[in-house]
Amino acid sequence: MKKQFYLLAVLSLFCTALPAQKLNISTPNTSLVLEAPQGGELKFLYYGNKLSASDLNDLTNSGNASFSAYPVYGMNCPSETALSVKHGDGNMSLQMEVVKSETKNEDKAVITTVHLKDKVYPFYVDVCYKAYQDVDIIETWTEIKHEEKKPVVLNQFSSAYLPIRRGNVWLSSLYGSWANEGRLAQEPLEPGMKVIKNKDGVRNSHTAHAEVMFSLDGQPRENTGSTIGAALCYTGNYKLRIDTDDSEYHHFFAGINEDNSTYNLKKSEVFRTPELALTYSDEGLSGTSRNFHRWARLHKLAHGNVERKILLNSWEGVYFDINQAGMDQMMGDIASMGGELFVMDDGWFGDKYKRNSDNSSLGDWVVDTTKLPDGIEGLLRDAKKHNIKFGIWIEPEMSNTTSELYEKHPEWILKAPQRDPVLGRGGTQVVLDLGNPAVQDFIFKIVDDLMTKYPKIDYIKWDANMAIMNHGSNYLTADNQSHMYIEFHRGFEKVCQRIREKYPDLTIQACASGGGRANYGYLPYFDEFWVSDNTDALQRIYMQWGTSYFFPAIAMASHISAAPNHQTFRTIPLKYRIDVAMSGRLGMEIQPKNMTDEEKELCKKAIADYKMIRPIVQFGDIYRLVSPYDRLGVASLMYTSEAKDKAVFYWWRTEHFVNEHLPRVKMAGLKADAVYRVRELNRIDNEPLPFEDKSFSGSYLMTNGLEIPYNHKVDYHKQNDYSSRILYLEEVTISK
Ligand code: DGJ
């Protein structure tokens, strides 16, 4: 601890020892350098590998590469800007000058704040940088304030701006839709404006994602090449803009989506923009992912250092058909396979209106005693009997027009005055007005009541199944209706903070019609997210591949489900379904009573093996090896332990054609000189692989790779068109 403080003190000394106007914001392996001349403009100088003292000293702006670190509108109108406002007197321009900069140490980070003031108006912007000292991430955001008499209208308020030198720069980003989240798109940055945005209001990652990577030196490569990663940490609507204009740079802006959200900033009020997390790696896309993952586990994810339990979730097994005996049977089954937690999904609540389908009862969080006569007590009793933990589903931000809540509080829903609400799921769903403190109290109480009455509840699945379809808040004044989206998310965060203060140990999953809430704005309050409602193993390879760019396996809920799959109707053998689910946070989403004894046995063995590899998968470093998007017929990735003495290698065939040639996959991330013994997990073949229990050097595995048989050697009637392998590698000492 002492050593840490000493290090931070030395680092900040190092900062102040530089020529007065240069700011070096650095992490263990990266530097972001700014020029901050007092009375002048704050300028961006450099972002990349850590600079030596002499390079730092001699670094200057050169040629036309001189850009403001936070461009504002009004004195250089043609350029894209991060901030644009209308002052109380109608003036639409800003001219920001550096007043001073400060650094302070906070936990494992150094925070640098550059205070800017408009040359004429009492209008202030603090540009803030939080540089972690244990991981290569710099978070940046702004705090905007004024002392003008009348409110200032914020028309544009990005969190950050970063110029990126042109020269065959490629963008990697995620896109998709419900049941097809996390699809990877890779494209060269061409002249013009690339905009990635979200306007759902509630869930912000079904479609595009608020995270991107820039490959700076040509086509994206997984394990080599200079790469910048950026992740906007926000729960609401966002907008990322990349403007490729006539300059030598691409101009990257990220922040809240201002569409229909202009903000009236009162005198002395501080408007804090969400953080943009930046990282840089010269180890390609996978290296950039490793930085994000480490940061997530250390700082950004609830309980990032705690192993996740292996669970069975009831949804695809029984849907709304919840009852005491059924829950008991599922608990018994998951316990007998070695699982550690059972989660009862939708369908357990409602009194006047019973939740038998998706068209009623949200808001009425009381047990449906016709389904569960012994209530939650009965379920907790059964969980105890089976020696597992119990979790429960809720969807707190929502109501249905067929609910007692709506009958009592119709004014709590988001809706424009004079208009009938547009309704969502089930033809009756509505979104509550989380900007309203009374609604915030109500939502906090849903969790508080459950946890007070049943402190043994171990896990909550927090769902959100509707977008904001209606612009209108009964709580906000007519003047401030454009604050609706922002206030919704402020309210949401306030509730999450209260819950986390009171229930720090509770495990909470962020689910939002599947993967609608995979964003670092949510994750400080949530332990994980449901990647997608689509549990088809083949499609999951693509979705989990993309999602792994930014999010660690420990946060990616990945469940073994039934065949044929309920979303794609594809029939995939159990072995393959298990092998895909075991590359994330393993769980099950199935009715075990429909499984054969042989299938249950396979799952039992897989669960036991997952417990052994769990620390490597959940805390290890990812190396993506062959991308499913490259259409080479196979996809492969691996995780290594931090000490690189253990690793898990995954290989999934993604196509099946006879005599198709698949690449031999070279491993990565191992110690070249170490020797690793190879063991196959989840083996179904009649005989072991030729290299089973054999040992190979890290160097051989990384330059040559192992020859994986294309198909499984199983009895004729068991043959099918899928094959997959999981190899467990452990360092061994070879006696000479
Ligand atoms: C959507 C979620 O993504 C599903 O997993 C399930 O919880 C349903 N909602 C329940 O209504």
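Scope of the values below: all heavy atoms of this structure, side chains included, with no hydrogens, waters or symmetry mates. All ligand and atom numbering here is 1-based and tracks the order in the structure. All of these numbers come straight from a predicted model, not from anything done at the bench. In this chain, residues are counted from 1 in sequence order.
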Okay, side chain of [X], backbone of [Y]: is any donor-acceptor separation there less than 3.5 Å?
X    : Y    : value
Y522 : T235 : yes
S399 : L362 : yes
S289 : F550 : no

> Any luck finding a side-chain donor-acceptor pair between Q539 and Q567 under 3.5 Å?
Replying inline: no
Would you check the N or O atoms of [X], main chain and side chain alike, for any that come under 3.5 Å of an N or O of ligand 1?
X    : result
G514 : yes
R425 : yes
N313 : no
R355 : no

> Are the ring centres of W315 and F320 closer than 6.0 Å?
Replying inline: yes
Ion pair present between [X] and [Y], side-chain N to carboxylate O less than 4.0 angstrom?
X    : Y    : answer
K352 : E404 : no
R355 : D364 : no
D527 : R500 : yes

Considering only heavy atoms, does [X] approach ligand 1 within less than 4.0 Å through its side chain, its backbone, both, or neither?
X    : value
E395 : neither
A512 : neither
N465 : side chain

Sub-4.0 Å atoms of ligand 1 with respect to non-hydrogen atoms of [X]:
X    : answer
C511 : 2 (C), 3 (O)
K461 : 4 (C), 5 (O), 6 (C), 7 (O)
W530 : 3 (O), 5 (O)
D345 : 6 (C), 7 (O), 10 (C)

> Who are the side chain to side chain contact (heavy atoms under 4.5 Å, CB included) partners of N359, not counting sequence neighbours?
Replying inline: S357, T428
> Are E589 and ligand 1 in contact, using a heavy-atom cut-off of under 4.0 Å?
Replying inline: no
> Quick one: nearest non-hydrogen protein atom to atom 4 (C) of ligand 1, plus distance?
Replying inline: D533 OD1, 3.5 Å
>> My understanding is that we take every heavy atom of each candidate and find the minimum distance to atom 8 (C) of ligand 1. Doing that for I394, L362, D346, D463, which one comes out nearest?
In response: D463
